[in-house]
Amino acid sequence: MKEIPDKNLTGLSALDYFREINRTFPKTRAIQEHKAAGKKVFGWLCTYVPEEVILAAGILPVRITGYTQETELEDGNAYLYINNCSFSRSCLQMGLRKEYDFLDGVVGGSTCDGARRLFDVWRFYLNPEFFHVLTVPRKFHERAHELYYHQVEGFKKHLEEYTGKAITDESLLKSIEVMNQQRKLLKELYELRKLDEPLITGAETMEVLNGTFRMHKEECNSYLAELINELRKKNQGHKARARIMLIGSVLNNPEFLKGIEDLDTIIVTDELCTSTRYWSEPVVLEGAKNPLEAISRRYLNNFPCARMFPSNERFDRIIQLAREARADGIISETIRYCVPYAHDIPLLSERLKHEDIPLLTLDVEYGTSGSGQIRTRVQAFIEMVEARKK
Amino acid sequence: MKAVGLDVGSLNVKAVILDGSSAVSFAMLTVSEGAEPSARAALDEAIISSKLNGDELYIVATGVGGKAISFSQQQKAITTCLARGVHYLFPAARMVVDVGAETTTVLKINDRGRVTDWAGQDKCAAGTGMFLQAMAKIMQVSLKDMAEYSLRAKNRADITGTCAVFAESEVISHIHRVPPTPKEEIIAGIHASMVSRIMGLLKRLGIEKEVAVVGGVALDGGFIHVLEEELGFKVLVPENPQMVAALGAAILAKENLEKGVR
Amino acid sequence: MTTSETKRNHIESLLRACRLVSRINKNRPDCKKSELMYYQMLDKYFNNVQRAKQENGFLAAHTIFFPVEILYAMGITPLHNEVTTWTTALLLGNQAEFLTAGAEAGMAPEICSPHRGLAGGFYRQMLPRADVILWTNLICDNSAKAGEYLMELNRCPGFFLDHPFGDTQEEQAYMVEELKDMISFLEKHSGRKMNWDKLAQSVAEMDKQIKLHAEICQLRKAIPSPFPTRRFLEFLTVDYMFAGQPEATEYLVTLRDELAEMVQQKKGAVYPERFRLMTLFVPPIYLIAFLENLFQEYGAVSATEPLFTYWKYSPLDPSKPLESVVKKSYLIPESRTMYGPLGESTLQDIRDCARDYRVDGCIYYAFMGCRHTCATVKMFKDTLNEIDIPVLTLDCDLVDPTINSQSEVRDKMEQFFELLEDR
C-alpha cells in the first residue's frame with residue numbers, strides 16, 4: 001500500500017487513500033500515469049455507457065462529473081443556457097475551462113435532454129478526438145435489448161477503428177471480471193451500511209464512490225477489499241436516531257450527505273446514479289450469446305434511471321432497497337430543471353404513502369452541500385420520522 | 001443647428017451638446033419632478049454652460065424616459081446610443097459594459113460603432129448600481145469609499161448568492177460573524193459578486209477586446225479592478241462614464257443633421 | 001348551463017371561441033379562405049372530441065408528434081396536448097387556471113408549461129376524461145415522462161411509444177415493432193380494429209402533404225414574403241391535428257394556391273416590408289396578436305422558421321404503411337433538426353434558410369420550460385453570427401404570461417429593429 005500524508009487520517013487507511021485520489025480531481029494520479037504511458041483516457045457520462053467495452057480497448061474510463069460545490073456557472077450558463085440542469089452546466093464549465101483537456105474521448109448515452117445537449121455543446125466547442133453517443137431505449141423488453149446490443153456493437157466497432165486494434169472476447173471477459181469484482185465489493189460495502197449500527201457513513205461511502213470513478217479498476221478493487229476488511233475489524237458502528245435513504249438526481253458531493261448525517265442520522269443506503277444505480281447489477285455470462293451481449297443486457301437491465309419506462313421498475317426497487325436497509329424515511333433530492341426525476345415525484349409520493357414510508361422532497365442545485373434552508377427542512381423531517389419510531 | 005443628446009435615466013438626466021464633432025458641454029441632473037421637466041432643466045443648464053444661446057437644437061432622446069420627451073426630434077434605443085458614444089471615445093472598443101442604476105447591459109459593437117449583439121439583465125438587481133448602493137448602506141460606507149476599501153483587500157469574501165436578496169443576507173452574516181470578516185474583504189466580495197454577473201453576460205456574447213465600461217458604477221475603482229482581474233486585461237473607462245449614452249445620442253443627432261433630416 | 005358547468009366544460013368553451021372567430025372572419029373582407037378553413041378545422045377537431053364523449057367514441061389524449069394517422073385509421077378520436085393548451089391560450093386566455101391546477105397536481109414549475117397545463121386540466125376535470133393516454137419521447141423528456149401521471153389522473157390505460165434517438169435501420173425497425181405493439185394494445189382496449197387500407201390512404205395523403213409543405217416553403221422565399229407571421233402556428237397545428245387526413249390536404253392546397261397568387265402579384269404579408277426575420281422556436285402564444293401588430297408597425301415578417309416549417313420532401317410508400325409512419329416521424333422538421341445528436345445538417349439548414357430567405361435578423365424565442373431548445377442558443381447564434389446575421393434572444397414562456405410583459409417584449413424588439421436598421 002502506498003504511503004499517505006498524516007493529515008485527515010480517519011483510522012481507515014483505505015478510506016484515506018480514496019480521499020487522496022479525490023483531492024486531485026479531475027486529473028487524478030491514475031489518469032496521469034495512464035497518459036504518461038502513452039495510453040488513452042475517455043470520459044463517460046450516464047450509467048448506460050458500457051465501461052467494460054472501453055476497458056477492453058485498453059482505454060481508461062473516467063466518469064465526467066462537475067464541481068464538488070455549488071458555484072457560479074457563467075460559462076455553463078452562456079453555452080448551455082440557464083434552464084439546463086446545473087449538473088450539465090457544471091460539467092460543461094469544467095470542460096470549457098480546460099479542466100478536462102486530458103480526455104482523448106467522450107462517450108455518452110442519449111439518456112436525457114440535459115445530457116444529450118451537454119454532449120452536443122461539448123462536441124461543437126471542445127471537439128474531442130473521439131466522440132460517441134449510444135442510443136439507449138427507454139424500455140426493457142427483448143426488442144429493446146436487441147436494439148441496445150446493436151448500439152453497443154456499433155460502439156465497439158467505432159472503438160476498434162479508433163485504436164486500430166480488434167476488441168477480442170477475451171479482453172471483454174477480462175474487463176467483465178474486473179468490473180463484476182468492483183460491483184461485488186461495492187455491494188459488500190453497502191451491506192455493511194445495512195447493519196443495525198452501520199460501519200460506514202453515507203458521506204464516507206460517497207467519497208469512496210468518487211474515487212472509484214477516477215482510478216484503475218484493479219487498484220480500486222484492492223483498496224475496496226482493504227476497506228471492507230478494516231471496517232469489519234471495527235468493534236463499533238455508528239449509532240443514530242434515524243436511518244435515512246437518499247434518492248434522486250445525480251449527486252456526488254459527500255458534504256451534502258454529511259450535512260444530513262450531522263443531524264444525528266445515518267444514511268443507510270442511497271439510490272443515485274453515482275451510487276447504487278451505478279454498480280447494482282453484475283454482468284451475467286450464462287445464457288448470453290457472447291460477452292458483448294451479456295454486457296449490453298446488464299446495462300439495460302440495471303437499476304433504472306427515471307428516464308426508463310415504466311417508472312414502477314424504479315419505484316419497486318427503491319421500495320425493496322428501503323425495506324432491506326430498514327430505512328425509517330426517504331429523502332429525495334431533485335436538481336432544478338431535472339425533468340425526468342421531477343416527473344417521478346407525484347407518482348413516487350403516492351407509492352411511498354401507500355407503503356407507509358415517509359418522504360421528504362428537496363429542490364437542490366448540483367454540487368450543493370445543503371444550505372441552511374435545506375438543513376431546517378431535513379431536521380423537521382427527521383424529528384417527525386423519529387417520533388414515528390416511538 | 002446644434003446636435004443634442006438627452007439620456008433620460010431612472011435616476012438622472014444627462015444632456016450633451018455638440019459643436020462640430022466635439023462635445024461642447026454636458027450637464028447631469030437628478031430626475032425630480034418627472035422626466036420632461038427634469039430633461040428641460042438639464043438641457044437649459046447645458047445650453048447656459050455651452051454659451052451657444054440662440055442656436056436651434058436637434059435633439060435625440062434615449063434612456064428609459066426617452067419616449068416621454070415631447071420636445072425631442074427623435075428617440076433612439078439606449079444600446080444604439082451607447083455604441084456610438086463608446087465608438088467615438090474608444091474606436092478600438094468592441095464590447096461595452098454599461099452598469100447603470102437599475103440595469104446592466106453588455107453590448108458587442110463593430111468597427112463602425114454599430115451594435116451587433118447585446119445582453120441585458122433587467123429582472124434582477126444583482127450587479128447593478130442599486131445593488132452596490134444598498135450594500136454600501138449596509139456596510140455604512142460611502143459609495144466613494146467602497147473603492148478604496150476594496151482595493152486594499154488581500155482576500156475576497158465569498159458571496160455566492162445568485163440573487164441580490166440572498167447576497168444581501170450573506171453580507172450581513174459576514175458582518176456579524178465572530179470574528180467579523182474584515183470590511184475590505186466583504187466589499188471586495190461584493191464587487192466580485194457583481195463582476196460575476198457581468199462576466200456571465202460577457203461570455204454569452206463572447207469576449208472580445210477592447211472592453212469599455214460606462215455608467216455610474218464605472219467610477220468605482222474597486223469594481224473596475226476586480227473586473228480587470230477576471231478578464232485578465234485592462235478595460236477602457238471614459239472620464240465621464242455617465243455621459244456616454246447622451247454623447248452617443250448627440251452623435252446620432254449630428255448624423256441626422258448631416259443627412260439633412262429635420 | 002350554470003357558470004360552474006360552463007367553467008367545467010373547457011372543450012365547449014373552446015368550440016364557442018372558435019365559432020366566434022369564424023363568424024368574425026367571415027365578415028372580414030381581407031380574410032383568406034385558408035384562414036376560414038383553419039378555424040373550421042379547429043371546430044371540427046374539438047367537435048370530434050365532444051362527440052367522442054357523447055356518442056361512445058374512444059378518446060385518446062396524446063403528446064406532440066404522436067402519429068395521429070394511426071388513430072384516425074382506427075376510428076379513435078385524438079386530443080392533442082399542445083393544440084389544446086395553445087388554443088386555450090390563444091382563444092380563451094385562461095391558461096393560468098390550468099397552470100395553477102398543474103402546480104396543485106404536483107408538477108414542478110420547471111416542467112414545460114403545456115405539460116403542466118394538461119395535467120392540471122385533467123386534475124381539475126376541466127377536460128373530458130380520456131379513454132387512453134398515448135405518449136412518445138419525441139421530442140423531449142417532458143413528453144417521455146408525461147404519460148404515467150396522466151393515466152393516473154384519468155384512471156385509464158396508456159401506451160408509451162419509444163422513439164429511438166437515431167435513424168439507423170435498426171432503430172427504424174424497432175419503432176415499427178413499437179407501432180405494432182401499440183396497435184394491438186389499442187385494438188384490445190378500444191374494441192376497434194386497425195383499418196389498414198385507411199392507414200395506407202393516410203400515408204398517400206401525407207406524401208401529398210409533405211410535397212405541399214415543400215412547395216409552400218419555396219413560395220415563401222419570395223420577396224416580399226407572402227405569409228403572415230401570425231399564421232405560422234395555424235400552419236403548424238394543421239399537421240398536429242389532421243396529419244394524413246384529407247382536411248389537412250385541402251387546407252394546404254388552398255394555402256399554397258393563395259400564396260402562389262400573392263407571389264405572382266408581388267404582394268406581401270406586410271407593406272412596406274422592411275425586415276425579413278428568421279424565427280427560431282415558437283413565439284409566445286399569448287403574444288401572437290401583439291407581435292402581429294408590432295410587426296405590421298415595423299414592416300417585419302417572419303420569412304422562415306427552420307426548426308418548424310422547413311420541410312424537405314422524401315417519398316412515403318403507402319404499401320409499407322408502418323415503415324412510412326416511422327419515416328415521416330423523422331421527416332418532421334423539428335424532429336429532423338432538434339432530435340438526435342445535433343448534426344452539421346441542422347446548422348446547414350439554418351445557414352441555407354438565412355441565405356435563401358434573405359434574412360436580415362433572427363429572433364430566438366428561448367422558452368424557459370424547454371431545455372433542449374435553449375441549449376442550442378449559443379450554437380445557433382454563433383453559426384448565424386458567422387454569416388453576419390444578428391440574433392435577438394427573448395427569454396419567454398410559451399403560454400405563461402407572467403414571465404415577461406408586453407412592454408418588455410416591445411422594448412427588446414424595437415431595440416432589435418433599430419440594430420438592424422443601423423447596420
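Since the model is a prediction, treat every value here as computed from it, not as a measurement. Just so we're on the same page: letters track the sequence lines, and every chain starts at 1. Computed over heavy atoms, backbone and side chain alike; hydrogens, waters and symmetry mates excluded.
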J.: Please classify the contact of C:V391 with chain B as side chain, backbone, both or neither, using a heavy-atom distance under 4.5 Å.
T.: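 Just its backbone gets close to chain B.
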
J.: Looking only at heavy atoms, what is the nearest atom pair of B:W118 and C:F416, with distance?
T.: CH2-N, 3.7 Å

J.: Measuring heavy-atom distances to chain C, does B:E255 have an atom under 4.5 Å in its side chain, in its backbone, in both, or in neither?
T.: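 Answer is neither: B:E255 stays 4.5 Å or more from chain C.
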
J.: By a 4.5 Å heavy-atom criterion (distance strictly below it), what part of C:E414 contacts chain B: side chain, backbone, both, or neither?
T.: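 It is the side chain, since no backbone atom gets that close.
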
J.: Report, as yes or no, whether the 6.0 Å neighbourhood of atom OH on C:Y271 holds more than 12 heavy atoms from other residues, nucleotides or ligands.
T.: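 Atom OH in C:Y271 is not crowded, with 12 or fewer foreign heavy atoms closer than 6.0 Å.
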
J.: Does the side chain to side chain contact (heavy atoms under 4.5 Å, CB included) test come out yes or no for C:N385 and B:K108, once each step is laid out?
T.: CA-CA 12 Å; C:N385 285 160; B:K108 219 166 190 175; over 6 Å; no

J.: Has C:R355 got more than 12 heavy atoms of other residues, nucleotides or ligands less than 6.0 Å from its CZ?
T.: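 Check passes, neighbour count above 12.
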
J.: Let me confirm one number: the CG-OG1 distance from B:L205 to C:T393, rounded to the nearest 0.5 Å.
T.: 9.0 Å

J.: Could you tell me which portion of B:R204 (side chain, backbone, both or neither) has an atom closer than 4.5 angstrom to a non-hydrogen atom of chain C?
T.: both

J.: For the CD atom of C:Q415 and the CG atom of B:L107, what is their distance to the nearest 0.5 Å?
T.: 9.0 Å

J.: For the atom pair CG (B:N110) and CZ (C:R423), what is the distance rounded to the nearest 0.5 Å?
T.: 8.0 Å

J.: Which bit of C:L420 is near chain B, if near means a heavy-atom gap under 4.5 Å: side chain, backbone, both or neither?
T.: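 Neither part, no heavy atoms under 4.5 Å.
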
J.: Salt-bridge test for C:D422 and B:K76: reply yes if a basic N is under 4.0 Å from a carboxylate O, no otherwise.
T.: no

J.: In terms of heavy-atom proximity below 4.5 Å to chain B, should C:D411 be classed as side chain, backbone, both, or neither?
T.: side chain

J.: Let me know if C:D388 has heavy atoms under 4.5 Å from chain B in its side chain, its backbone, both or neither.
T.: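 Contact with chain B: none, neither part.
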
J.: In terms of heavy-atom proximity below 4.5 Å to chain C, should B:K67 be classed as side chain, backbone, both, or neither?
T.: side chain

